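Working notes, structure below.
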Amino acid sequence: MTLTQKLINDGNDTVDEMLAGVMAAHPDHLWRPDHAPRAVIARHGPREGKVALVIGGGSGHEPTFLGFVGKGLADAAAIGNVFASPPPQPVMDAAMAAHGGAGVLFMYGNYAGDVMNFDMAAEMLEMEGIETRTVLTTDDIASAPREARDKRRGVAGNVFIFKAAGAAADLGLPLDEVERIARHANARTYTMGVALSACSLPQTRRPNFDLPAGEMEIGMGIHGEPGIRREALRPADAVTDEIMDAILSEMAAAPGDRVAVLVNSLGSTPLMELYILHARVNARLKAAELEVHRTLVGPYCTSMEMAGASITIMHLDDELQRMIDHPCDCAMFRQG
Amino acid sequence: MTLTQKLINDGNDTVDEMLAGVMAAHPDHLWRPDHAPRAVIARHGPREGKVALVIGGGSGHEPTFLGFVGKGLADAAAIGNVFASPPPQPVMDAAMAAHGGAGVLFMYGNYAGDVMNFDMAAEMLEMEGIETRTVLTTDDIASAPREARDKRRGVAGNVFIFKAAGAAADLGLPLDEVERIARHANARTYTMGVALSACSLPQTRRPNFDLPAGEMEIGMGIHGEPGIRREALRPADAVTDEIMDAILSEMAAAPGDRVAVLVNSLGSTPLMELYILHARVNARLKAAELEVHRTLVGPYCTSMEMAGASITIMHLDDELQRMIDHPCDCAMFRQG
Amino acid sequence: MAELTPQRLVASFAALAEKMDAERDTLCRLDGVIGDADHGIAMAQGMAAASGAAADLPEGASLQDVFNAAAKAFLNAVGASSGPLYATAFLRAGKAAGPHAAMPLAETPSLIAAMAEGIAARGKAEPGQKTMLDAWAPAAEAARRGDDLVAISAVAHAGAEATAEMIATLGRAARLGERSRGHRDPGAVSAAMIIAVMAESWSRPDGA
Amino acid sequence: MAELTPQRLVASFAALAEKMDAERDTLCRLDGVIGDADHGIAMAQGMAAASGAAADLPEGASLQDVFNAAAKAFLNAVGASSGPLYATAFLRAGKAAGPHAAMPLAETPSLIAAMAEGIAARGKAEPGQKTMLDAWAPAAEAARRGDDLVAISAVAHAGAEATAEMIATLGRAARLGERSRGHRDPGAVSAAMIIAVMAESWSRPDGA
Ligand SMILES: Nc1ncnc2c1ncn2[C@@H]1O[C@H](COP(=O)(O)OP(=O)(O)O)[C@@H](O)[C@H]1O
Ligand SMILES: Nc1ncnc2c1ncn2[C@@H]1O[C@H](COP(=O)(O)OP(=O)(O)O)[C@@H](O)[C@H]1O
Ligand SMILES: [Mg+2]
Ligand SMILES: [Mg+2]
Ligand SMILES: [Mg+2]
Ligand SMILES: [Mg+2]
């Protein structure tokens, strides 16, 4: 079988080498404690009296997570191996470096591995006298039915959900409030994706799953976890309509409501295609008489070189709009 | 033969549908004249007495060109079909909408088709009494020998070269000066790339060229034009070294000189790999005792879903550094 | 005497559009080897637009009107290298045909010569640089020699075939150097096809 | 009487590392069908780290020291789901073995039971949810029943095979529903392999 074409050195070194490159490229935004090479800290984020927002998860989703570490967004990120939760140690390292005496909010996608590792870190931090809370993101509406929202995966909606919580923390709100806003943001964020080709792990360089040419998988996860249905590849508008139907039906917004939109590349799907999708997303939102308050189009939460895209809609209210509009300055995401 | 997996509708409509999506996503940054759907104008760029910087070329390289239209960078872009120069009409439309009485500078990559179409537009503008100048970008050092620099292609270095000229225009410099700075920026910018897989045109969805798995092509152009050598895929560090050797030798910088760096994805190569390349680029620059003044890592000049990357180094001097540091605010590129 | 009329010229453009559409993928593949794989798309799109614009002209349009409309439509639909080259070619042919309602078929080789001049003027290529001019230039020479359309078309075809042996020094393929040898230039191949369609279309005395 | 000594336990971890390395791609492929294709990488990396840390312990380390070092190293090298689960498993086994220099081989089934308890405590899975617990839980039950290592290993293997018929309700595969049926759980398959290596390693009276 042919190996995926990657520009890497040893497949086991990709995460550490990537981090070296990130640190070299963004010294004004990011730093790492000497003893904690897998904890990435915002240079201008953490400060005394501020709730520390600590995010993290497996690598291979860049710019998620490390690209969202910065003033106004996350204070630190713990970096795992490719598609693998970080162990408790870097999570603790990140939290210790970021906390400013007002508690730590952990936010990450709802995956069994991440929950176990972050929970272990939280227990150990508690022993150090550091208060922690956890809000799992569960925006992937394809990954479990509406009634089982808390079983869903966290995917690209992370960007908006982290952003809202990061703004709340940056505004100096107390831990209870930051946690409440994070939960509120997660509850109003809806994502669904479609995959057109597989990614592959750098260690094996073999496709993570088998998706024959001419087919697509609706609802595929960002680690190549199977979605809800596999079928013949359809035109962009038809795919967008299926996703938007699902999101709009669950979101149940009233005419005049405002939304934030993210059309996200899962990796190799280029901007040209994202904007084609976006043209339809925008038309559907207009038809539903919703007001688009903010739009992001690009690779925000990827699965290495997987082809495909996801659409995220956050159903804004005054509070979330304020949080989404709050400025942030990260190495890979800036606003305001 | 299997067709490339793309999220599109009719392959002939991709550019117009993409533009519809771009306009919907970025109304605060961009607008189009009603009669000129292929001319994209900066909302806050053009103004009376300012040299108009007009860029353009074929589609399929997004965020190049339209993503670099905005205050502090290009005032307008003319948008061609995929991998095809725009005809003279949208070039004229873009120039007419952008010019503020101080002349128009056309900048684009050095390709036969673009030269013919932009030159036709320039002739017609002259008849309208609008003065134009043209600076072709020729940063791709793999595309012709050093002695024939004016035969080289323009590729990802566009970002820095356009940026320098855009800053000069934004600072209110006269046409002569903006042109001089543009030429100066082009002369000091060096790019070389490597392709790991083909892209394909949306109209045919067939790979533009044949690159067997396990091989790479050094020096491939951003339209899939053959490069200088095809060989077995090598580790990232070895590829980076070959590119950096070529650039450093031609650049001939003295220890202590400053540079700007762009590690660019040609499409499907993800950030993880770009940062692995960047770690090595940075090490090589350090070893050469050069000071890195600014770093960009990401998809800046792509070939749809082609796998591969390019490295650009701009050899700064005080003037270019000032231009590169000048703020800009485009839909897909912001600084300062 | 058999004549080229505006109606007949409109039909020629329809035939050109049909041919380029049929050869689209072949031309793209040729361009893929030494260029950017889009030549078939450009030619198909350009000729379709030219044919449409020619057909849309009102009753009473002259030969020059047809060529001018085709030139403008081709250019605006395509851009690329082919756009300016064929737009200029058609404009020159229109000038040669003049604002008339007919031209003797025997004189149509002059249109081929005029188109070749337009392409040479716009592209500033020299024969031997592995471009479409390597089909157009020998065809024009044959036309000026007084050869008939069948002979002209044969010469164009031979010219296109001969590009396989050339090293490109102009256009996208120029950066290839030695690696461009062994492959025909897509623009020369489509040029030979165009000349063949015109020759066929302007040879039948009945104009059918 | 044959005993499990710290040296012998270190050798067991080396055998585990070797086995996981050999099965890396098989386990990744299994995980690719219903998960994210990395289980083989996690297990190979984790066991290599565990084995290395165990081997690096100074002279005089106890059985518990070996298990603790392995736990910490596995966890820090891997994270993921496997990291906390196996780290907890090893910590529990270490507690069961205690700070001693030897344990009768006949008592080693209690280590398997302890590991299973650790995995259940950390993951909060129930048998039948299509996880590694479906290999560990029946193995632990057999151990508590007094079965020997060979029988325990057979039961673990059968448990792993049986996951093919289960619908996942926990972990990444849980979102698959019906589509998870027909495929064995990668964590259960690697668990059966681990138990087999331990059974083999702790069955030979000579400790070779
Ligand atoms: N200066 C020129 N003069 C004549 N023909 C040219 C010139 N430059 C390019 N060509 C022709 O154009 C063809 C390519 O056309 P096309 O693929 O449509 O445009 P592009 O190169 O812009 O993709 C080449 O095969 C060559 O025959
Ligand atoms: N809560 C749990 N309890 C027991 N085993 C679990 C649990 N969650 C996941 N697993 C096991 O973990 C395996 C996957 O491990 P691995 O691929 O290394 O981690 P990840 O799921 O983080 O990629 C699954 O096959 C399953 O056996
Ligand atoms: Mg994983
Ligand atoms: Mg082209
Ligand atoms: Mg071409
Ligand atoms: Mg896994």
Side-chain angles (χ1 to χ4, degrees), chain A residues 2-10 14-15 17-22 24-26 59-60 62-63 67 82 194 196-197 202 213-214 216 233 235-237 239 261 263 267-283 292 295 297-299 302 304-305 307-309 332 334, chain B residues 2-10 14-15 17-22 24-26 59-60 62-63 67 82 194 196-197 202 213-214 216 233 235-237 239 261 263 267-283 292 295 297-299 302 304-305 307-309 332 334:
Chain A
T2 58
L3 300 176
T4 306
Q5 302 271 90
K6 284 190 196 265
L7 277 171
I8 58 174
N9 297 302
D10 187 322
T14 52
V15 175
E17 291 184 358
M18 167 184 78
L19 287 173
V22 168
H26 308 293
S59 292
E62 292 69 31
V82 177
V194 56
L196 272 66
S197 81
M216 62 176 184
L233 181 57
D237 284 354
V239 173
V261 177
V263 181
S268 61
T269 291
L271 280 182
M272 174 178 281
E273 294 173 38
L274 298 184
Y275 280 109
I276 290 173
L277 297 177
H278 179 62
R280 185 69 167 199
V281 169
N282 193 63
V292 179
T295 308
V297 179
T302 64
M304 292 180 289
E305 69 282 298
M332 306 175 203
R334 239 187 88 198
Chain B
T2 57
L3 301 176
T4 306
Q5 301 272 90
K6 283 190 197 268
L7 277 171
I8 57 173
N9 298 301
D10 186 322
T14 52
V15 175
E17 291 184 357
M18 166 184 77
L19 287 173
V22 168
H26 308 295
S59 292
E62 293 71 31
V82 176
V194 57
L196 272 65
S197 80
M216 64 176 180
L233 180 58
D237 284 354
V239 173
V261 177
V263 181
S268 60
T269 292
L271 281 181
M272 174 178 279
E273 295 173 39
L274 298 184
Y275 279 108
I276 290 173
L277 296 177
H278 179 62
R280 185 68 167 201
V281 169
N282 193 62
V292 179
T295 308
V297 179
T302 63
M304 291 179 288
E305 69 282 295
M332 306 176 204
R334 240 187 89 196

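In what follows, every heavy atom counts, from backbone to side chain, and hydrogens, waters and symmetry copies are set aside. Order of the sequence lines fixes the chain letters, A, B, ..., with proteins taken first and strands second; residue numbering starts at 1 for each chain. Remember, predicted model here, so these are calculated numbers, not experimental data.
Contact count versus chain B (heavy atoms, under 4.5 Å) is highest, among A:Ile276, A:Asn9, A:Val239, for A:Asn9. Residue with the most contacts toward chain A among B:Arg280, B:Lys6, B:His26, B:Glu17: B:Lys6 (heavy-atom pairs, distance under 4.5 Å). Between chain B and the residues A:Thr295, A:Leu233, A:Asp237, the most heavy-atom pairs under 4.5 angstrom are made by A:Asp237. In terms of non-hydrogen atom pairs under 4.5 Å with chain B, the most contact-rich of A:Leu19, A:Leu7, A:Asp10, A:Val22 is A:Leu7. The candidate from B:Met304, B:Glu62, B:Met272 with the greatest count of non-hydrogen atom pairs under 4.5 Å with chain A is B:Met272. Chain A forms more heavy-atom pairs under 4.5 Å with one residue of B:Gly60, B:Gly214, B:Ser197 than with any other, namely B:Gly214. Contact count versus chain B (heavy atoms, under 4.5 Å) is highest, among A:His278, A:Met18, A:Glu273, for A:Glu273.
No side-chain heavy atom of B:Thr269 sits less than 4.5 Å from a side-chain heavy atom of A:Gln5.
For A:Val82, the part sitting under 4.5 Å from any heavy atom of chain B is the side chain, from C-beta outward, and nothing else. Contact of B:Leu196 with chain A is made through backbone and side chain together, with heavy-atom distances under 4.5 Å. Heavy-atom distances place both the backbone and the side chain of B:Thr14 under 4.5 Å from chain A. Looking at A:Asn282, only its side chain comes within 4.5 Å of chain B, counting heavy atoms on both sides. Heavy-atom distances place the side chain of A:Val297, and not its backbone, under 4.5 Å from chain B. Both the backbone and the side chain of A:Ile8 have a heavy atom closer than 4.5 Å to some heavy atom of chain B. Using a 4.5 Å cut-off between heavy atoms, A:Ala283 makes no contact with chain B at all. Residue contact with chain B, scored on non-hydrogen atoms closer than 4.5 Å, involves the side chain of A:Val194 exclusively.
For the residue pair A:Pro299 and A:Pro63, the shortest heavy atom distance occurs at O-CD, 3.2 Å. Closest approach of B:Gly298 to B:Leu271, counting heavy atoms only: CA-CD2, 3.9 Å. Here the closest heavy-atom approach between residue B:Ser59 and residue B:Val15 is recorded as OG-CG1, 3.6 Å.
Side-chain atoms of A:Ser268 never come within 3.5 Å of backbone atoms of B:Ser268 as a donor-acceptor pair (strictly under, hydrogens ignored).
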